[in-house]
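Reading through the structure tokens given below for one structure.
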Amino acid sequence: MKPSETKVAFVGLGLMGLPMAKNLLKSGYAVAGFDLNKEVATKFADDKAFTFAASPAEAVKGADVTILMLPDSKIIDALLWGANGSPALADGLAKGSFLIDMSSSSPISSKENKQKLEQLGIHFVDAPVSGGVKKAIDGSLAIIVGGKKEHYDETLSLLECMGKNITHVGDAGAAHAVKALNNYVSAAGLIATCEALNAAKAFGLDPHVVNQVFNASTGRNNTTENKVENFMLNDAFNSGFALALMRKDIQIALSFIEGMNCYANLAKQCFATAKEADEKLGKGADHTAVFDYVRTQKK
Ligand code: NAD
């Protein structure tokens, strides 16, 4: 997909979508963006090849590729197929164009969307990302791709502008399944680390030292390596990944594991903790604030 010959529409310019769209612009793609938050347009003031569209339908006009980076499948399905009188975005997508859903969506919804879009002559690719805001900014996200192999091959050069570690894992929906499972494993590590450090502190131990020991031992994980010192023990709780999104991801993973008739005991517990913490900490809480939730709970 040559930048000079490919028009990109980008819907969802939040914490992740904004730097991802910026990296496409840096690589020479023309981008028409849309977000419900109109203020985001000011962040592109210096980008000549960017236009902020008045609506999602306007953004996708003439687009060869439409990228979605939205919170969840409920929002995506409403946008694509219309809800409460709003028009269906799918009606405005060009035949032969690509719809790449880079959000962390439900694999079941993605499989359905692929089938419906295919009937309209639109190619569906699911390409969720891992790595957070920092890696979105420096273009080094891990990208998991689902969809037909030829569609993966065709979109790879465009995806490479946003990520480094790009893996095709199967047909449409497969990437969203793998992403949800990854985030469940990551969340389990986070919750376990919160509980362990809280108990260590109650025993009179220095949690900084305990975490150092974890990092030199088998308890090491993404939370112990990247989150404990940067966002948790300093009470910053500002990693840029919302607790509500983590809760959604665990819920997708739990439904998926149960849907496969597989054992899901720990996934159920993780979901219960994420749900309780999300309800207690309220809108806007960062996922690292689970540590704050855990330390204020009584046994
Ligand atoms: P965010 O809340 O910062 O951004 C979402 C954006 O979508 C917001 O700007 C919002 O205004 C916009 N939006 C919502 N509904 C809309 C609609 N109907 N039309 C147009 N715009 C709409 O979220 P984020 O952190 O950027 O996450 C986006 C996706 O990426 C989520 O699925 C999340 O799970 C996933 N993700 C996030 C991270 C992270 O570290 N933040 C990492 C990997 C994956």
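All ligand and atom numbering here is 1-based and tracks the order in the structure.
Between Phe237 and Phe291, the angle of the ring planes lies from 30° to 60°, which puts this pair in the tilted group. Taking the six-membered ring for Trp and thresholds of 30 and 60 degrees, His168 and Tyr152 have nearly parallel ring planes, at less than 30 degrees apart.
Within a 4.0 Å radius of atom 7 (O) of ligand 1, the protein contributes one or more non-hydrogen atoms.
Leu15 N, 4.0 Å is the protein heavy atom nearest to atom 1 (P) of ligand 1. Leu245 CD1, 3.6 Å is the protein heavy atom nearest to atom 33 (C) of ligand 1. The protein non-hydrogen atom at the shortest distance from atom 19 (N) of ligand 1 is Leu36 CG, 3.7 Å. Regarding atom 43 (C) of ligand 1, its nearest protein heavy-atom neighbour is Val129 O, 3.4 Å.
Taking the ring axis of Tyr29 as reference, the NZ or CZ atom of Lys7 does not stay both within 45° of it and closer than 6.0 Å to the ring centre.
The distance from ligand 1 to the heavy atoms of Gly14 drops below 4.0 Å at these ligand atoms: 3 (O), 4 (O), 6 (C), 9 (O), 26 (O). Ligand-side atoms of ligand 1 in range of Ser103: 32 (O), range being under 4.0 angstrom from any heavy atom. Atoms of ligand 1 lying under 4.0 Å from any heavy atom of Gly132, numbered from 1 in the order shown and given with element: 40 (O). Within the listing of ligand 1, atoms 31 (C), 32 (O), 33 (C), 34 (O) sit less than 4.0 angstrom from a heavy atom of Lys248. Short contacts between ligand 1 and Met16, defined as distances under 4.0 Å to a heavy atom of the residue, involve ligand atoms 24 (P), 25 (O), 26 (O), 37 (C), 38 (C), 39 (C), 40 (O), 41 (N), 42 (C), 43 (C).
Note on Asp46 versus Lys22: no salt bridge recorded, every NZ/NE/NH1/NH2 to OD/OE distance being 4.0 Å or above. Under the 4.0 Å criterion applied to side-chain N and carboxylate O atoms, Lys134 and Asp138 are not assigned as salt-bridge partners. Comment: Lys148 engages Glu118 in a salt bridge, judged by a side-chain N to carboxylate O separation of less than 4.0 angstrom. Contact check on Asp77 versus Lys74 returns no salt bridge, with no Lys/Arg side-chain nitrogen under 4.0 Å from an Asp/Glu carboxylate oxygen. A salt bridge is defined here as a Lys NZ or Arg NE, NH1 or NH2 lying under 4.0 Å from an Asp or Glu carboxylate O, and Arg247 with Glu279 meets this definition.
Within 6.0 Å of NZ in Lys201 there are 12 or fewer heavy atoms belonging to other residues, nucleotides or ligands.
Closest heavy-atom approach to atom 32 (O) of ligand 1 among the candidates Ile76, Leu13, Leu70: Leu70. Compare Asp35, Val11, Asn182, Ile75 by their heavy atoms: the one nearest to atom 11 (O) of ligand 1 is in Asp35. Among Met69, Lys134, Lys135, the residue whose heavy atom lies nearest to atom 30 (O) of ligand 1 is Met69.
Remark: the Ser97 side chain and the Asp64 side chain contain no N/O donor-acceptor pair separated by less than 3.5 Å.
Ligand 1 has no nitrogen or oxygen under 3.5 angstrom from a nitrogen or oxygen of Lys179. In terms of polar-atom proximity, defined here as any N/O pair under 3.5 Å, Ser104 does make such a contact with ligand 1. For a threshold of 3.5 Å applied to N or O pairs, the pair formed by Gly240 and ligand 1 contains at least one separation below that value.
Contacts with ligand 1 closer than 4.0 Å are made by heavy atoms of both the backbone and the side chain of Pro71.
With hydrogens and angles ignored, the 3.5 Å screen pairs no side-chain donor or acceptor of Asn165 with any backbone N or O of Ala142.
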